[in-house]
Amino acid sequence: MESGRTGFAIAALVLGIIALCSCCLPLLTIPLGILSIVFAVLGMKSINRGIAIAGLVLGIIALVLGTMMLVLLLLSGGGNPYYSW
């Protein structure tokens with residue numbers, strides 16, 4: 001176990017939480033989700049493996065939600081939903 005990689009695990013968890021909280025903004029969620037996944041994979045060899053796994057799961061969920069929101073935004077035409085005249 002490498003103790004120098006604990007920062008990657010914690011960064012993955014923090015980025016995963018931020019990405020999940022901002023899932024309505026797909027242009028922010030998708031890069032944060034990808035970064036969370038990358039940092040979680042790098043942090044898997046640390047002492048805080050559980051934190052890295054939590055960051056990985058949150059990153060994957062955020063990436064899926066962000067992609068779904070982006071597809072929904074593109075399919076809806078990107079117009080204002082309150083303006084229907």
Side-chain angles (χ1 to χ4, degrees):
M1 298 280 174
E2 295 180 26
S3 63
R5 293 184 180 246
T6 58
F8 285 124
I10 294 171
L13 181 66
V14 170
L15 287 173
I17 291 170
I18 293 171
L20 197 60
C21 289
S22 66
C23 68
C24 292
L25 305 169
L27 295 180
L28 180 66
T29 302
I30 293 173
L32 287 178
I34 292 171
L35 281 175
S36 175
I37 293 169
V38 169
F39 285 156
V41 170
L42 291 175
M44 283 292 186
K45 294 181 181 176
S46 72
I47 296 170
N48 296 335
R49 183 179 167 100
I51 293 175
I53 292 173
L56 181 69
V57 169
L58 288 174
I60 291 171
I61 292 172
L63 188 63
V64 168
L65 287 176
T67 305
M68 287 173 46
M69 288 299 291
L70 183 64
V71 168
L72 188 69
L73 180 71
L74 292 175
L75 289 179
S76 69
N80 189 351
Y82 300 110
Y83 184 73
S84 61
W85 322 351

Q: If a pair satisfies ring pair (Phe, Tyr, Trp, His ring centres under 6.0 Å) and one of its residues is in residues 12-57, list it, with sequence neighbours excluded.
A: Phe8-Phe39
Q.
Going by side-chain contact (heavy atoms from CB on, under 4.5 Å), Leu15 matches just one of Leu20, Leu32, Ile10. Which one?
A.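 Single pass found, and it is Leu32.
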For [X] and [Y], work out which heavy atoms get closest and say how close.
X: Gly43; Y: Ala52; answer: O-CB, 3.7 Å
X: Gly66; Y: Pro26; answer: O-CB, 3.4 Å
X: Arg49; Y: Met44; answer: NH1-O, 3.5 Å
X: Ile51; Y: Ala9; answer: CG2-O, 3.4 Å
X: Leu65; Y: Cys23; answer: CB-CB, 4.2 Å
X: Thr6; Y: Ser46; answer: N-CB, 3.7 Å

Contacts table for residues 54-63: side-chain donor-acceptor under 3.5 angstrom, sequence neighbours left out:
none

**Q.** Side chains of Leu25 and Met69 in contact at under 4.5 Å (non-hydrogen atoms)
**A.**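 SC-SC contact between Leu25 and Met69 ruled out.
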**Q.** Gap between atom SG of Cys21 and atom CG of Leu28 - 0.5 Å precision
**A.** 11.0 Å
Q: Kindly compute the distance separating CD1 (Ile18) from CG (Leu35), expressed to the nearest 0.5 Å.
A: 11.0 Å
**Q.** Cluster link Val64 to Leu72, ILVMFWY, side chain under 4.5 Å
**A.**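 No: no chain of side-chain contacts under 4.5 Å links Val64 to Leu72.
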